[in-house]
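Read the structure below first, then the notes.
One is the number of the first residue; the rest follow in order along the sequence.
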Amino acid sequence: MRYIDHFLVVFFCVIQLSFSQDKTSSPDFVIAFGSCNNQNSSQPFWNEILKNSPDLFIWGGDNIYADSDDMSKIKNDYRIQNSNPDYQKLKKVVPVMATWDDHDYGKNDAGVEWYKKEESQQLFLDFLEVAKNAPIRAQNGIYTSRVFEIEKGSVKVIVLDTRFFRSALRKSTEEGRRYEPYENNEGTVLGAAQWKWLEKELASNYSDFVLIVSSIQFLSSEHGFETWGNFPHEVKRLNDILINKGVRNAILLSGDRHISEFSMTRIKGLKYPLIDFTSSGLTHSYTGYKGESNRHRIGRVISTPSFGTLKFDLDSYTVTMQIRGENNIVLQEFKKQYPKN
């Protein structure tokens, strides 16, 4: 009996420790995000995303594939997406924020020159069920922000519009490259009004973490497709704002590329490394991927369909970033501890 009693005490102690560890390892805030979602394709990830108990879901762009100047087609494509039963299930319990990219904007690689951008913006906002009298309805562009207050602190999410104001891209004559970077400070990604807004948003900087959502990659710039790197002076401008405003713990989220990866760089004057977490795509991916240069890449490229999660621990200021795939399996993980002040 003494042996059995001893066994039961040890058993219950182990169980109690297990429960305690589970409790302490539970994140304080969870963000799930993804991009490149064909409304007519199978969408296997909505239930998998819910398994992570997200506090927020962020669309990273190409939320539908419309590619049309026929607004009735775009409206119907959004209707198809919104009628997806698994997506409906997520929307009922998780707040949703979103940017757009070219295929939901209306034309491949389009920017400021797209003549249907105003009409397309209203359909995008309809998709997100934004009130008809909301201020964003009257502004040019779909940029917005929101602060999520939680028990131990706050997380700010800034959603950029890299379409409405972006200058026409400079075509490349080099084989294998679609675009070349601008020179002499020409062109813009965000446009004057959005830059002014963004600088003000980053100056009001009390949140523990700041997530900046860009439909296109910020750090990876060598592949010759769409990237902030096509406007190097705009990259410098954002870097300078992060430094000069003392922005706390900024993380970039991006999509577009049909691959998922982590990119990271160190910027003189910034207390933490700047990470660009790319998650793409939700329904399809670059299956023919054979490699491309990215001097900022950490880890490997995931070229199968996936979604991203960020799990915030505000006691240790650690963010666990995960690329997840079929059956919610973690395909790659990167964990980073940030400074508290």
Side-chain angles (χ1 to χ4, degrees), residues 33-41 43 57-84 87 96-132 134-144 159-171 178-179 187-194 197 213-218 224-228 230-231 234 253-258 278-286:
F33 80 107
S35 66
C36 304
N37 177 81
N38 191 315
Q39 69 280 1
N40 296 311
S41 296
Q43 297 179 22
F57 176 76
I58 301 174
W59 284 108
D62 290 339
N63 313 321
I64 58 168
Y65 279 71
D67 297 289
S68 178
D69 60 0
D70 180 352
M71 293 298 106
S72 64
K73 178 189 183 304
I74 294 180
K75 182 177 181 178
N76 188 58
D77 288 337
Y78 278 131
R79 183 195 61 77
I80 292 170
Q81 179 54 43
N82 257 334
S83 65
N84 181 288
Y87 178 57
V96 175
M97 297 181 73
T99 189
W100 57 10
D101 203 37
D102 50 344
H103 298 292
D104 37 2
Y105 187 54
K107 185 178 181 181
N108 187 49
D109 291 358
V112 68
E113 73 280 4
W114 181 230
Y115 78 104
K116 288 285 189 176
K117 60 186 178 181
E118 289 88 0
E119 297 96 322
S120 186
Q121 174 173 334
Q122 297 307 313
L123 294 178
F124 171 87
L125 296 173
D126 290 344
F127 169 63
L128 294 178
E129 299 173 350
V130 174
K132 293 295 184 182
I136 195 172
R137 293 276 188 178
Q139 76 178 29
N140 288 328
I142 52 90
Y143 55 90
T144 189
V159 173
L160 300 180
D161 185 335
T162 60
R163 290 290 159 192
F164 200 98
F165 307 98
R166 197 220 64 215
S167 301
L169 296 167
R170 184 178 174 221
K171 292 186 178 179
R178 189 177 294 177
Y179 303 114
T188 184
V189 176
L190 300 184
Q194 188 175 187
W197 168 85
V213 182
S214 165
S215 66
I216 57 173
Q217 289 184 308
F218 184 78
F225 296 99
E226 289 199 89
T227 166
W228 278 70
N230 291 325
F231 303 85
E234 299 275 90
L253 304 182
S254 59
D256 176 56
R257 296 298 322 289
H258 300 179
T278 303
S279 180
S280 173
L282 286 167
T283 59
H284 55 284
S285 61
Y286 185 5

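Within the 4.5 Å cutoff, the side chain of I80 has no heavy atoms near those of the I64 side chain. Two residues are said to be in side-chain contact when any heavy atoms from C-beta on lie closer than 4.5 Å; N230 and L169 meet this criterion. Considering only heavy atoms from C-beta on, Q39 stays 4.5 Å or farther from N84 through its side chain. In this structure, the side chains of Q122 and R137 come closer than 4.5 Å at one or more pairs of heavy atoms. S280 is not listed as a side-chain neighbour of Y286, based on a closest heavy-atom distance of 4.5 Å or more. Side-chain contact check for I216 versus D256: some heavy-atom pair is nearer than 4.5 Å. Two residues are said to be in side-chain contact when any heavy atoms from C-beta on lie closer than 4.5 Å; V189 and F165 fail this criterion. Residues F231 and R166 have side chains in contact (heavy-atom distance under 4.5 Å, counting atoms from C-beta outward).
Closest heavy-atom contact between S120 and Y105: OG-O, 2.8 Å. Looking at every heavy atom in both residues, M97 comes nearest to T144 through CE-CG2, 4.2 Å. Residues A98 and N63 approach most closely at CB-ND2, 4.3 Å, considering heavy atoms. Closest non-hydrogen pair, R178 versus F225, comes out as NH2-CE2, 3.7 Å. Looking at every heavy atom in both residues, G61 comes nearest to S35 through O-CB, 3.3 Å.
For the atom pair CG (L282) and OG (S41), the distance works out to 11.0 Å, reported to the nearest 0.5 Å. Separating the OG atom in S72 from the CG atom in L123 is a distance of 9.5 Å, to the nearest 0.5 Å. Here the straight-line distance linking atom CG of D62 with atom SG of C36 works out to 4.5 Å at 0.5 Å rounding. Expressed to the nearest 0.5 Å, how far CG of L253 lies from OG of S214 amounts to 9.5 Å. Once rounded to the nearest 0.5 Å, the distance linking OG1 of T162 with CG of D101 reads 5.5 Å.
Legend: salt bridge (charged side-chain N to carboxylate O under 4.0 Å, His left out) pairs involving residues 66-75, not counting sequence neighbours, sorted by first then second residue: K73-D77.
Residues forming a side-chain hydrogen bond (donor to acceptor under 3.5 Å, both in side chains) with E118 (at least two apart in sequence, or on another chain): none. Remark: Y87 pairs with W46, W59 by the ring-ring contact (aromatic ring centres under 6.0 Å, His included) rule, at least two apart or across chains. The side-chain hydrogen bond (donor to acceptor under 3.5 Å, both in side chains) check on Q81 picks up N37, Q43, with sequence neighbours excluded. Y78 meets the ring-ring contact (aromatic ring centres under 6.0 Å, His included) test with F127; sequence neighbours excluded. Applying the ring-ring contact (aromatic ring centres under 6.0 Å, His included) test to F124 and every residue at least two apart in sequence or in another chain returns W100.
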Practice task
Would you please test S215 and T99 for side chain to side chain donor-acceptor pair (under 3.5 Å) and show each step?
Solution key: CA-CA 7 Å; S215 66; T99 189; 5.2 Å; no
Problem - salt bridge (charged side-chain N to carboxylate O under 4.0 Å, His left out) evaluation trace for K132 with D126 - result: CA-CA 8 Å; K132 293 295 184 182; D126 290 344; 2.8 Å; yes
Practice task
Decide side chain to side chain donor-acceptor pair (under 3.5 Å) for S254 and T278; before the verdict, give the C-alpha distance in whole Å, the side-chain angles of both, and the deciding distance to 0.1 Å.
Solution key: CA-CA 5 Å; S254 59; T278 303; 2.8 Å; yes
Practice task
Decide yes or no on side chain to side chain contact (heavy atoms under 4.5 Å, CB included) for K107 and D102, but give the supporting numbers first.
Solution key: CA-CA 6 Å; K107 185 178 181 181; D102 50 344; over 6 Å; no
Exercise for the section: Apply side chain to side chain contact (heavy atoms under 4.5 Å, CB included) to V112 and K117, showing your working. Expected result: CA-CA 8 Å; V112 68; K117 60 186 178 181; 3.4 Å; yes
Exercise for the section: Dump the intermediate steps for side chain to side chain donor-acceptor pair (under 3.5 Å) on R79 and N82, then the final yes or no. Expected result: CA-CA 5 Å; R79 183 195 61 77; N82 257 334; over 6 Å; no
Exercise for the section: Before giving the answer on side chain to side chain contact (heavy atoms under 4.5 Å, CB included), spell out for L190 and D161 the whole-Å C-alpha distance, their side-chain angles and the decisive distance to 0.1 Å. Expected result: CA-CA 7 Å; L190 300 184; D161 185 335; over 6 Å; no
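Aromatic pair H284/Y65: centroids less than 6.0 angstrom apart.
Under a 4.0 Å N-O distance rule, the pair E226/R163 qualifies as a salt bridge.
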